K.L.:
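Before I ask anything, let me first share the structure, which is written out below as structure tokens.
These numbers come from a predicted model, not from an experiment.
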Amino acid sequence: MESILVARERSRQGLLRLDPRTKLSILFTSNIMVLLSPGLPYEILMAALILLLGLLCGVYRYSIKMTIVYFFLVAGQILGTLYFDDVLRVFLVTFVVFLRKIFPCAMLGGILIATTRVNEFMAAMHKLRMPRSIVIPLAVTLRYFPGVIEEWRHIRDSMNLRGLSTSFWGFLKSPIKTAEYVYVPMLFSAAKIADELSAAAVTRGIDNPKIRTCVQQLGFTAADGLCAGCFMVLLMSALWN
Amino acid sequence: MITIENVSFSYQDAEADGIQNVSLHMEKGECLLLCGRSGCGKSTLTRLINGLVPHFYSGTLAGSVRVAGMDITQVPMHVIGEKVGSVFQNPRSQFFNVDTDSEIVFGLENLAFPVDEIRRRFEQTTRDLKLEKILGRSIFKLSGGEKQKIAFASVYALSPDVYVLDEPSSNLDVHAIAELSELLKMLKHQGKTIVIAEHRLYYLKDIVDRIVYLEKGRIAGEYTGTDFLEMSSSTRASKGLRAMDLMGIQLPAVKAQPRTPVLEIRDVTLNYDKTIIMKDIQITASYGDIIGVIGKNGAGKSTFSQTLCGLHKEFSGFFLWNGSPMSPKQRLKLSYMVKQDVNYQLFAASVEEECSLGSNNPDEGKIEEVLKGMSLYEYRQRHPMSLSGGQKQRTAVAVSQLCNKKIIIFDEPTSGLDFGSMVEVSKLMEELAAAGKVIFVVTHDYELITKVCNRMICFADGKVKDNLVVGTETARRLQDFFTLSESKKIDE
């Protein structure tokens, strides 16, 4: 009898299932690419590749949304350079260029977090012989982010009830105050969650020195080679120039 | 199975209360309930058994703790974890994974069980705990009760001999508590040893063999289940304990009802993501009303309170105040919600600053008056986060007073509170009501409703199912809801 666990595992994601190690190597390569980038067309090509990866991994909505934002950033940079006067250009265009530069890597990061389970990540890290003191905090971080939205909603509601503005304009009017209002409760709740989360993990043997098993089969397939290869080729082409 | 001898422990940071000279012996298959006021040391005692003390929380420990043949202080956590399973209070923060399936096998993977064995245990656990419906889901899409079930499953998969539960029912609704109770019965039937620290006692009535009462870190009494049930309600209250037999609670006679209708909710339909959550809501409320809002998780209680205070805007119908309709924006000005997790509501660096936050010319005199009324004046220089849970709640209420809010909604104000703290919260509500506020309390706490509410509204099947005056005459209807005879009817 086939396990339910396995059956659902197959239907879980898009066409492509990559090993977490491959994903990390892709993220690493992309970061170097941004550093070495010869110009805008190159970076657009890179963003397109990341979009393709996102779609193949089954992260449709997020990838498309992020691509649209990226498109606007690129458009903003080009139009800004053409039509703004010097002062505005320095301020706005520089800011937009900065955002646009780091954007593809952030998008890639989002795709990777969405497609990697915490346990896969931990098993892969252990296979890479990473020490526990690095793997566990990283895993907790990976686990923490999806929950931040929930926290933010609570804080936003409370701020609205107090007549503290949570809109974009409110933020522009008093950025430091607004940031502080969000930051204080968020920090305290993060500290509490981290503490409770660790206690719960420790009682379930997370500090076991043996290499942990993983229900999901980890291992490299042709797809891993192909994806890592594509990004590598793009990186090499930057070096070539 | 468990032998604790002359154990004293004090925490290093001295923030939480330790225990002094505690000895306890438990046989295999026994179910023990630890109870007592907040801070009596019952959580510490559970931590001694699952090894979190001294391995995770450090401090000074004297005496010996032996569980399932292990000396807890000498054996590493991952070895203890195989024999002792722990379930905690907050279902949100005990998940290490983001999806249910990985969470169930998390412990097994940590302890490096072979993959085939993990699969076998996964299937066994799903079958035994009837989890089929909630498999393969993101934990962010689960209700509190479902989350607690997965947390349980993750421990169950390890098949430990001893289960340690620290206030497992705090965040659960009546139905989830009933399921938890069934689960515990099953474990007991399997011959597992169970230790539970709890404030809420009623659901354990038929499960516990022995009850240990703690006071200021010492064991101050041991009872059998029957002894405990026979305890008079005044003795129980003086020990700061919740009722074990809900049906034994005497309801007050119907109080004089406030008769100045001021809020009218007319023909309101609530939507969430374009689906209808509730239809045809008609409620009127007067100054001085304290209205209990009950219903299953997902019955629409939170959407209702969010809409009432103007935070949620997907609705149709009217909210009238003194006869004139209010927009969400106006309602936001007029109402305030004290959240279950009040930590999200305090922003400033001191209680005093918290009170003047967002106002351009704060009225010093009024702040002083309100803080004195809430007995917070002496803490006015303290950081809100350094206060106790009850003080934080009062700070939030003080803020609502200063903003001149008229409608105050309490969301589960007594979850995880002992008897004394619950009485404090109900006094606070009575004071607010006397000061002419309209109060709604969303709660699963039967004792609180009988204590403080003059009216009660029950949400079920997408509508207001009951709208009652609380008192001896309506006791039956109320009891039906909490003993679930009502819900069984609904489910069928």
K.L.:
Which residue out of A:Ile193, A:Leu164, A:Val184, A:Val202 racks up the most heavy-atom pairs below 4.5 Å with chain B?
P.N.:
A:Val202
K.L.:
Does A:Asn160 form a side chain to side chain donor-acceptor pair (under 3.5 Å) with A:Thr166? I'd like the steps, not just the answer.
P.N.:
CA-CA 7 Å; A:Asn160 283 330; A:Thr166 51; 3.2 Å; yes
K.L.:
Chain A heavy atoms under 4.5 Å from B:Phe56: which part of the residue, side chain, backbone, both or neither?
P.N.:
side chain
K.L.:
Just jot down the side chain to side chain contact (heavy atoms under 4.5 Å, CB included) partners of B:Ser386, sequence neighbours excluded, or say none.
P.N.:
B:Arg382, B:His383
K.L.:
Tell me, for B:Leu158 versus chain A, whether the close heavy atoms (under 4.5 Å) come from the side chain, the backbone, both or neither.
P.N.:
side chain
K.L.:
If you measure from the Lys or Arg side-chain nitrogens to the Asp or Glu carboxylate oxygens, is any gap between B:Arg121 and B:Glu117 under 4.0 Å?
P.N.:
yes
K.L.:
Pick one of side chain, backbone, both or neither for B:Val84, based on which atoms fall under 4.5 Å of a heavy atom in chain A.
P.N.:
backbone
K.L.:
May I ask you to decide whether A:Glu151 forms a salt bridge with B:Arg92, counting only side-chain N to carboxylate O separations under 4.0 Å?
P.N.:
yes
K.L.:
Can you say whether A:Ile155 sits under 4.5 Å from chain B via the side chain, the backbone, both, or neither, judging by heavy atoms?
P.N.:
both
K.L.:
Determine, stepwise, if the pair B:Asp166 / B:Gln89 fulfils side chain to side chain donor-acceptor pair (under 3.5 Å).
P.N.:
CA-CA 6 Å; B:Asp166 191 2; B:Gln89 174 178 8; over 6 Å; no
K.L.:
So what's closer than 4.5 Å to chain A heavy atoms on B:Glu103: side chain, backbone, both or neither?
P.N.:
both
K.L.:
Can you tell me which portion of B:Ile139 sits under 4.5 Å from chain A's heavy atoms? Options are side chain, backbone, both or neither.
P.N.:
side chain
K.L.:
Name the member of B:Val115, B:Asn50, B:Asn97 that forms the most heavy-atom pairs with chain A at distances under 4.5 Å.
P.N.:
B:Asn97
K.L.:
Among B:Met385, B:Arg120, B:Lys333, single out the residue with the greatest number of heavy-atom pairs under 4.5 Å to chain A.
P.N.:
B:Met385
K.L.:
Counting only heavy atoms closer than 4.5 Å, note whether B:Phe106 contacts chain A via side chain, backbone, both or neither.
P.N.:
both
K.L.:
Which bit of A:Met159 comes within less than 4.5 Å of chain B, counting heavy atoms only: side chain, backbone, both or neither?
P.N.:
both
K.L.:
Given side chains that start at C-beta, do those of B:Lys405 and B:Leu334 come closer than 4.5 Å, heavy atoms only?
P.N.:
no
K.L.:
With sequence neighbours excluded, tell me which residues meet side chain to side chain contact (heavy atoms under 4.5 Å, CB included) with B:Val155.
P.N.:
A:Arg204, B:Val87, B:Pro160, B:Tyr163
K.L.:
Is chain A contacted by the side chain of B:Phe95, its backbone, both, or neither, given a heavy-atom distance below 4.5 Å?
P.N.:
both
K.L.:
Picking from A:Ile211, A:Asp157, A:Val140, which has the most non-hydrogen pairs under 4.5 angstrom with chain B?
P.N.:
A:Asp157
K.L.:
Using a cut-off of under 4.5 Å for heavy-atom pairs, which of A:Thr213, A:Asp195, A:Val118, A:Thr203 has the most such pairs with chain B?
P.N.:
A:Thr213
K.L.:
With side chain to side chain donor-acceptor pair (under 3.5 Å) as the test, would you mind laying out the steps for B:Thr44 and B:Tyr11 before giving the verdict?
P.N.:
CA-CA 9 Å; B:Thr44 309; B:Tyr11 289 92; 3.1 Å; yes
K.L.:
Does any heavy atom of chain B fall under 4.5 Å from the side chain of A:Phe188, the backbone, both, or neither of them?
P.N.:
side chain
K.L.:
If we define contacts as heavy-atom pairs under 4.5 Å, which of B:His312, B:His55, B:Gln94 has the most with chain A?
P.N.:
B:Gln94
K.L.:
Between A:Arg117 and B:Asp99, does any NZ, NE, NH1 or NH2 come within less than 4.0 Å of an OD or OE carboxylate oxygen?
P.N.:
yes
K.L.:
Can you tell me which portion of A:Glu196 sits under 4.5 Å from chain B's heavy atoms? Options are side chain, backbone, both or neither.
P.N.:
both
K.L.:
Output yes when A:Asp224 and A:Arg21 qualify as a salt bridge under the 4.0 Å nitrogen-oxygen rule, no when they do not.
P.N.:
no
K.L.:
Show the numbers, then the answer: is there a side chain to side chain donor-acceptor pair (under 3.5 Å) between B:Gln12 and B:Ser58?
P.N.:
CA-CA 6 Å; B:Gln12 200 168 38; B:Ser58 36; 3.1 Å; yes
